[in-house]
2 protein chains.
Amino acid sequence: MPRPRAANQATAAHLRLRREIVSGRLQQGSALGEPGLARRYGTSRAPIREALIALEREGLVRFEKTGRTRVRSFSGSEMREIMEARAAIEGMAARLANRLWTEEDTVALEKNIAAQERATDLAALSRLDIDLHHHVVTRGDNASLIRLWEPLRWQWEAHLVEIYRRQSGDDFVPEKETIRAHRHLLKALAEGTPAEASEAMMNHILFNLRWAR
Amino acid sequence: MPRPRAANQATAAHLRLRREIVSGRLQQGSALGEPGLARRYGTSRAPIREALIALEREGLVRFEKTGRTRVRSFSGSEMREIMEARAAIEGMAARLANRLWTEEDTVALEKNIAAQERATDLAALSRLDIDLHHHVVTRGDNASLIRLWEPLRWQWEAHLVEIYRRQSGDDFVPEKETIRAHRHLLKALAEGTPAEASEAMMNHILFNLRWAR
DNA sequence: ATCGGTAAAAGTGTCGACACTTTGAGAGCA
DNA sequence: TGCTCTCAAAGTGTCGACACTTTTACCGAT
């Protein structure tokens with residue numbers, strides 16, 4: 001058998017396509033024709049097909065009944081569902097994260113939150129936000145949970161990009177409520193109170209539902 | 001574009017392979033060579049490849065670094081992780097299920113639990129157990145959550161089959177504790193107390209961790 | 001009998017081709 | 001101008017082939 005399955009063209013195409021979607025270069029609803037992508041990437045259709053299957057299971061593209069593939073768009077109720085799923089996963093992750101939580105973790109999150117307070121645009125704040133949540137999920141140290149979380153992360157990110165496109169972020173200020181929620185979560189994690197950490201995480205995510213739609 | 005993506009050979013191979021794995025006909029650790037499967041299913045390698053990719057993302061098979069594909073086996077700690085993930089997903093689903101819960105749902109679950117009490121072998125009980133959890137998850141009416149739950153369900157089922165193989169279930173009696181937990185969950189759902197339903201579900205699943213390893 | 005080396009067998013990643021289906025662009029008609 | 005029908009263009013599902021790599025089975029030497 002050939003090279004490691006991580007360094008093949010199918011995986012490369014998968015990562016590249018995902019980056020193009022979550023960065024907004026590929027707009028929601030765009031048709032993804034296999035011959036076109038194959039030409040663009042300098043490969044045949046086989047690796048492209050594999051990449052599309054992986055992206056579909058990640059929820060970033062959709063196969064229409066006709067067979068066509070398009071970049072997925074997220075309705076308000078779909079985003080609500082995604083956020084509820086995030087609350088479930090990340091709430092459990094926060095609970096589990098207490099097992100291995102260290103002083104370094106606390107310091108890292110404090111730095112992150114401080115940076116959030118100084119953020120001057122929505123894109124930068126979002127990146128910090130995602131990093132913070134990623135840190136907690138990873139610290140849950142549960143491969144199954146992490147694997148379930150990843151699609152949600154990409155869907156979330158793809159939706160955020162769509163939001164940037166609509167609102168020209170001139171009058172931007174970090175939301176005080178989000179910062180407060182992050183501090184509350186960090187406090188629970190640092191003090192080692194799993195139930196409270198879990199609840200803080202879930203409430204924080206579900207609270208965002210008001211503007212996610 | 002051709003026939004609906006649900007009625008193609010790739011999907012057929014996916015479903016068929018999954019059935020063979022969760023039914024135990026394909027033992028854990030078995031090598032899944034594409035040419036062999038293609039011959040067995042009377043197709044070329046292309047649909048088989050697609051099916052294997054889907055199965056890998058479902059967590060039922062594993063790609064080794066060498067490129068080989070094998071039916072996944074579950075270690076004790078992996079099962080613990082899977083059960084923790086189930087607790088997260090199903091706990092949230094139970095909470096959400098209260099929105100649409102009806103009298104018919106209550107009746108259906110009562111019937112299910114009554115059948116569990118009369119079950120005479122582990123396989124039958126497991127099927128009822130899975131049905132019950134499936135019912136609750138579906139009633140959560142959250143597509144994202146359901147989609148995340150499916151891989152866990154198949155992994156859970158694949159592991160159960162492995163358990164049957166080991167213990168010849170001669171001296172079988174339904175576990176009183178499981179029945180009690182199911183009744184407690186149903187009570188919370190029927191009475192419309194979301195927080196309690198969620199907690200009942202999570203505790204029930206995490207309690208099983210003692211014998212799952 | 002065991003061990004090491006060698007060559008054949010089997011397997012994966014990728015490619016191009018073909019049949020069939022859907023899309024849609026343009027011609028013909030009202 | 002607007003509508004319908006027809007036919008070409010584009011796309012998907014599937015197949016067989018090829019190059020390269022790993023595995024394995026065999027054979028000889030010790």
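The figures that follow rest on heavy atoms only: side chains count, while hydrogens, waters and symmetry mates do not.
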### Task
Find the distance A:Ile48:CD1 to D:dT12:C1' and express it as a whole number of Å.
14 Å
### Message
Rounded to whole Å, please give me the gap between CG in B:Leu37 and C1' in C:dA10.
### Response
14 Å
### Summary
Taken in chain and number order and not counting sequence neighbours, the residues that satisfy ring pair (Phe, Tyr, Trp, His ring centres under 6.0 Å) with B:His204 are B:His133, B:His182
### Message
Measuring to OP1 and OP2 of C:dG13, would you say a side-chain N or O of B:Arg49 lies under 4.0 angstrom away?
### Response
yes
### Message
With salt bridge (Lys or Arg N to Asp or Glu O under 4.0 Å) as the rule and sequence neighbours excluded, what pairs involving residues 13-23 of chain A come up?
### Response
A:Arg16-A:Glu20, A:Arg18-A:Glu58, A:Glu20-A:Arg25, A:Glu20-A:Arg40
### Query
What is the distance from CZ of B:Phe63 to P of C:dG11, rounded to the nearest Å?
16 Å
### Message
Categorize B:Leu32 for me: base, sugar-phosphate, or nothing, with a 4.0 angstrom heavy-atom threshold over every strand shown.
### Response
sugar-phosphate
### Listed partners of A:Gln155 passing side chain to side chain donor-acceptor pair (under 3.5 Å), at least two apart
none
### Message
Expressed as a whole number of angstroms, how long is the span from B:Glu50:CD to C:dG13:C1'?
### Response
15 Å
### Message
Less than 3.5 Å apart, any donor N or O on the side chain of B:Thr102 or B:Asp105 sitting next to an acceptor on the other?
### Response
yes
Distances under 3.5 Å between nitrogen or oxygen atoms of protein and nucleotides 15-17 of chain C:
unit_1	atom_1	unit_2	atom_2	d
C:dC15	OP2	A:Ser44	N	2.7
C:dC15	OP2	A:Ser44	OG	2.8

### Message
Could you tell me how far apart B:Glu64 (CD) and C:dG11 (C1') are, to the nearest whole angstrom?
### Response
12 Å
#### Entry: Test item: side-chain donor near acceptor, B:Thr11 and B:Asn8, under 3.5 Å
yes
### Summary
note: A:Arg68, atom CZ; D:dA10, atom P; distance rounded to Å ~ 12 Å
### Query
Considering residues at least two apart in sequence or located in another chain, which fulfil the side chain to side chain contact (heavy atoms under 4.5 Å, CB included) criterion with B:Ser198?
B:Arg95, B:Met202
#### Entry: Atom-to-atom span, CZ of B:Arg39 to P of D:dT14 - whole angstrom
19 Å
### Query
Where the side chain of A:Pro35 is defined as all heavy atoms beyond and including C-beta, which of D:dG11, C:dG11, D:dG13 is the nearest nucleotide?
D:dG11
### Query
Residues in side chain to side chain donor-acceptor pair (under 3.5 Å) with B:Glu84, at least two apart?
A:Asn142, B:Arg80
## Note on the structure
Whole-Å distance, A:Glu34 CD to C:dT21 C1', equals 14 Å
